[in-house]
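No hydrogens, no waters, no symmetry mates; every other heavy atom, side chains included, goes into these values. Lettering of chains follows the sequences in order, A, B, ..., and the numbering in each one begins at 1.
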Amino acid sequence: MTADPFQQRVIACIKRIPKGKVATYGLIAAMAGNPRSARQVVRALHSSSAKEGLPWQRVVNAKGQVSLPAGSGLEEQTALLKAEGVTFDRGGRIDLGTYLWGGSKK
DNA sequence: AACCTGACTTCGG
DNA sequence: TCCGAAGCCAGGT
């Protein structure tokens, strides 16, 4: 297992995402200390989502959409977010201006 | 050790 | 607003 503080940071940040809000990979990466490692956020998520029970469904890309391919849990993810009060527009996009987590609890 | 892939981001047209 | 190309970083093969 990795002892990278970055990964630990990512996990911690995701755990802090409030309900009804979403965060982008880049935002998390920046909070974790590496704004260029958005991809690694993804990896950290994959590495510990199930293990840490992280709300990976609240993590979306910069476009405000869920990047998961349909059939891999996308339907579940969107359903969960909707249940939390997040609304999706016609294209399955989230209104980042309203639901993007500010990360003020840094 | 080298190459390839990836739940991304940002810029330009 | 949408599409395409380039850049970055780490893990897997």
Side-chain angles (χ1 to χ4, degrees):
Chain A
M1 18 191 251
T2 61
D4 297 311
F6 175 71
Q7 304 248 331
Q8 303 301 323
R9 284 277 194 167
V10 173
I11 306 303
C13 287
I14 295 169
K15 282 184 172 178
R16 289 176 186 185
I17 300 175
K19 189 178 181 189
K21 287 278 187 174
V22 296
T24 67
Y25 294 99
L27 179 60
I28 295 169
M31 286 192 290
N34 282 357
R36 256 93 183 218
S37 302
R39 292 192 119 113
Q40 273 35 317
V41 173
V42 172
R43 236 167 250 281
L45 227 54
H46 269 274
S47 298
S48 312
S49 60
K51 192 159 60 171
E52 301 287 335
L54 301 175
W56 56 271
Q57 57 272 27
R58 291 181 189 153
V59 185
V60 299
N61 61 21
K63 303 177 198 89
Q65 311 187 268
V66 178
S67 304
L68 263 69
S72 295
L74 174 62
E75 309 266 327
E76 266 180 67
Q77 179 171 12
T78 51
L80 285 167
L81 291 173
K82 285 180 183 176
E84 294 186 351
V86 178
T87 60
F88 291 77
D89 75 356
R90 174 161 69 86
R93 292 179 287 203
I94 298 170
D95 182 352
L96 295 179
T98 301
Y99 298 104
L100 179 60
W101 177 44
S104 41
K105 296 291 167 128
K106 188 180 46 160

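A:E52 pairs by the side-chain hydrogen bond (donor to acceptor under 3.5 Å, both in side chains) definition with A:K15, not counting sequence neighbours. Every residue two or more places apart in sequence or in another chain that forms a side-chain hydrogen bond (donor to acceptor under 3.5 Å, both in side chains) with A:N61 is listed here: A:S67.
A:Q65 and A:G91 make their closest contact through NE2-O, 3.3 Å (heavy atoms, listed as atom of the first residue, atom of the second, distance).
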When you check every protein heavy atom under 4.0 Å of nucleotides 1-13 of chain C, what one-letter string (B, S, -) results, 5' to 3'?
-S----BBBBS--
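Side-chain contact between A:I11 and A:L54 is present, with heavy atoms from C-beta onward closer than 4.5 Å. Looking only at side-chain heavy atoms (C-beta outward), A:V60 and A:Y99 stay at 4.5 Å or farther from each other.
Annotation: proximity of residues 58-88 of chain A to DNA chain B (heavy atom, distance under 4.0 Å) is found for A:N61, A:A62, A:S67, A:L68, numbered in ascending order.
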Show the atom names and distances, to 0.1 Å, of all donor-acceptor pairs under 3.5 Å that link a side chain in residues 72-81 of chain A to residues at least two apart or in another chain.
| residue | atom | partner | partner atom | Å |
| --- | --- | --- | --- | --- |
| A:Q77 | NE2 | A:Q57 | O | 2.7 |
| A:T78 | OG1 | A:L74 | O | 3.1 |
| A:T78 | OG1 | A:E75 | O | 2.9 |

Would you tabulate the side-chain donor-acceptor contacts of residues 20-29 of chain A under 3.5 Å, counting partners in other chains and residues two or more places apart, or write 'none'?
| residue | atom | partner | partner atom | Å |
| --- | --- | --- | --- | --- |
| A:K21 | NZ | A:T98 | O | 3.2 |
| A:T24 | OG1 | A:L27 | N | 3.1 |

